[in-house]
Amino acid sequence: MTTAPARNIRTRFAPSPTGFLHIGGARTALFSWAFARRHGGTFVLRIEDTDQERSTRESEAAVLDGLQWLELDWDEGPFRQSERGDLYRAAVEKLLATGRAYRCICTKEELEERKQRTIEAGQKWTYDGKCRNANHGPSAGTSTVRLRLDEATPLTWNDLVFGPSGQATEEVGDRIIQRSDGSPLYHLAVVVDDIEMRITHVIRGVDHQVNTAFQLALYHALGATPPEFAHVPLIVGTDGKKLSKRRDPVSVQHYRDAGYLPAATRNWLLRLGWSHGDQEIFSRHEIVQLFDLESISRSPAQADLGKLPWLSQQYLKALPMPELFQALQPFYRRSLGRELPRTHDLEKILDLLRDRSHTLAEMVEMSLFVVHDNISFEPKAAQKYFTREIEAPFAALRDRYAALESWDIASLEREFEVVLAENAGEGKAAKLGKGKLAQPIRVAITGTDKSPGIFETLELLGQERSLHRMAEALHFIRHGS
RNA sequence: GCUCCCAUCGUCUAGCGGUCUAGGACGUGGCCCUCUCAAGGCCGAAACACGGGUUCGAUUCCCGUUGGGAGCGCCA
């Protein structure tokens, strides 16, 4: 057993609701969740919606929905930054009062112009400090508020993934923390919230790595102890470039709709950038037991689409029938317009299909021949197997099956062997092989040339339906349609 | 351009100075099983980006090159 943590671990996931739950975000959430659970800590959900232009309630719902689907439960929240304005204003007042921040009356246009000139002169731009010592009061007119950086505060930290990290103060610059309309900017809001929510470990994407130095300055200015930081490399596309919405399937929703199990998707995401020796399969419980920050990779991972179907099948094979059936219903509704009652026959075919499917959608598709009363023969398969030569043995087997009193695997196979034996030798060039007869029957009863074992399939389809389909196939053989 | 970061099979990764003729998994090729498709079993191909150091000894440590990523907003 591992020892208990010295303090109560608190992590958070802080998405901005400007779209669907991205797999990169989902993985960050997974890591934060797993780390909190691993240490018996608390996982907080916070919605960063200070950008009112882009944030929507629909996106927020989609993000929450995605987290729930992945079974990442949170202990506190969702909190919305849009509802916490007083907190941020108070923090700004405090910073202003202590001289750690100052009002800046430079307009966007002025700033843009000076920045342009600096860059043209071949120098790098951070705020030039025009208002830094001007001492503008509240009556100075429209103004933003900037944090006053001081050289004495080292902007370094020991990243739990990347090790010693930091940036020089002059590279960071006095950035704006409050807009001219009084609303808070990202940096201010995160830091104030992380302090107020007593977050101990900030686990986020490397795109925030360069924000950390400035935020460290904010913690110091606010008189707070910064949390630990762990930056997680990005997930990139199959071309090694940043994930693109056009090329890559980036939303968690996409994987759900494709018919992947949440557990499989979660496992897939987990192994993208995290490892535990050679282990590939991790149950939710194992994740909670084994997850650690030290084993997170420092290089970006490509979304390995090849591994997901395999993982998904592993989970499909292991899923208890009641849960499998439940998971399948949305796909039946999509395919048939209705859900299906749990029947013995359906369960049986589903069990046979587990070894043959990678997604719930595939499974539904393949089980349809049992669900439908009438099927149609796949043209290519019919053309290949419904031949003149097979007519006689096919008809003979149909007759024997019609006379069968006990419709079970043993009987079906016995009669099948009899027909085979009857067609062996004599004037025939070669004796009738098992496959020669099995394939036409398979096409007859399933419509395709791929299915589970032929006798099992016949058995569960039942005598009546099997005979009916065989009769139709015989008609096809004789009349070509 | 500047700042920060990364670099093992096609992909996800193990490796934390000698155990490496570099391990696992997916994918891929072959074989076995076999009524089809799978599943399963066995076997194979496949990588330490390059160049310098440090060291008795580098995949492992340092520097550079190359390649890639992130960020440079009154976005988050």
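Heavy atoms only: backbone and side chains are in, while hydrogens, waters and symmetry mates are out. Residue numbers start from 1 in every chain, and the chains themselves are labelled A, B, ... in the order their sequence lines are given, proteins ahead of strands. Predicted model, so just to flag it, every value in this text is computed and none were measured.
For R298(A) against C6(B), no side-chain N or O and base N or O form a donor-acceptor pair under 3.5 Å. Not a single donor-acceptor contact under 3.5 angstrom links the side-chain atoms of K108(A) to the base of C74(B). Checked by distance alone, D207(A) brings no side-chain donor or acceptor within 3.5 Å of a matching partner on the base of G71(B). Below the 3.5 angstrom threshold, one finds a donor paired with an acceptor across the side chain of E280(A) and the base of G24(B).
Contact of the T118(A) side chain with the Q123(A) side chain is registered, since non-hydrogen atoms from C-beta on lie closer than 4.5 Å.
Comparing C16(B) with U55(B), their P atoms sit 23 Å apart, to the nearest whole Å. Of the P atoms belonging to C43(B) and C6(B), the separation is 39 Å, rounded to the nearest Å. Nucleotides U8(B) and A49(B) are separated by 10 Å at their C1' atoms, to the nearest Å. Across the P atoms, C62(B) and G69(B) are found 24 Å apart, a figure rounded to whole Å.
The CG-P distance, from D355(A) to U34(B), rounds to 17 Å in whole Å. Here U3(B) presents its P atom at 20 Å from CG of L216(A), a figure rounded to the nearest Å. Between the CG atom of N211(A) and the C1' atom of G73(B) there is a distance of 11 Å, given to the nearest Å.
With a cut-off of 3.5 Å on both Watson-Crick or G-U wobble distances, the partner of U28(B) is given as G44(B).
Looking only at atom types and distance, the side chain of W274(A) has a donor-acceptor partner in the side chain of D292(A) under 3.5 Å away. Checking Q209(A) against H231(A) by side-chain atom types alone, no donor-acceptor pair falls below 3.5 Å.
The shortest distance between the side-chain N/O atoms of S299(A) and the OP1/OP2 oxygens of G68(B) is not below 4.0 Å. The side chain of K115(A) contributes an N or O atom lying less than 4.0 Å from OP1 or OP2 of G73(B). For the pair R179(A) and A76(B), the criterion of a side-chain N or O lying under 4.0 Å from OP1 or OP2 is met. Look at K317(A) and you'll find a side-chain N or O under 4.0 angstrom from OP1 or OP2 of G40(B).
A salt bridge between K348(A) and D351(A) is absent, with no side-chain N of the basic residue lying under 4.0 Å from a carboxylate O of the acidic one. Under the 4.0 Å criterion applied to side-chain N and carboxylate O atoms, K130(A) and E110(A) are not assigned as salt-bridge partners. In summary, D449(A) and K384(A) do not engage in a salt bridge, as defined by a charged side-chain N under 4.0 Å from a carboxylate O.
Against RNA chain B, the stretch residues 442-455 of chain A makes heavy-atom approaches under 4.0 Å through R442(A), D449(A), K450(A), S451(A), P452(A), G453(A), I454(A).
Checking C12(B), C4(B), C74(B) against the side-chain heavy atoms of Q302(A) singles out C12(B) as nearest. Looking at the side chain of T50(A), the nearest of the listed nucleotides G69(B), G23(B), A76(B) is A76(B). With U3(B), U36(B), A14(B) as the choices, the nucleotide that has an atom nearest any side-chain atom of Q439(A) turns out to be U36(B). Checking A70(B), A38(B), C26(B) against the side-chain heavy atoms of Q313(A) singles out A38(B) as nearest. Closest contact between the side chain of R356(A) and the listed nucleotides A76(B), U3(B), C37(B) involves C37(B).
Taking CD1 of I47(A) as the reference point, atom OG of S16(A) lies at 9.0 Å (rounded to 0.5 Å).
A cation-pi contact, defined as under 6.0 Å to the ring centre and within 45° of the axis, is absent between R46(A) and F13(A).
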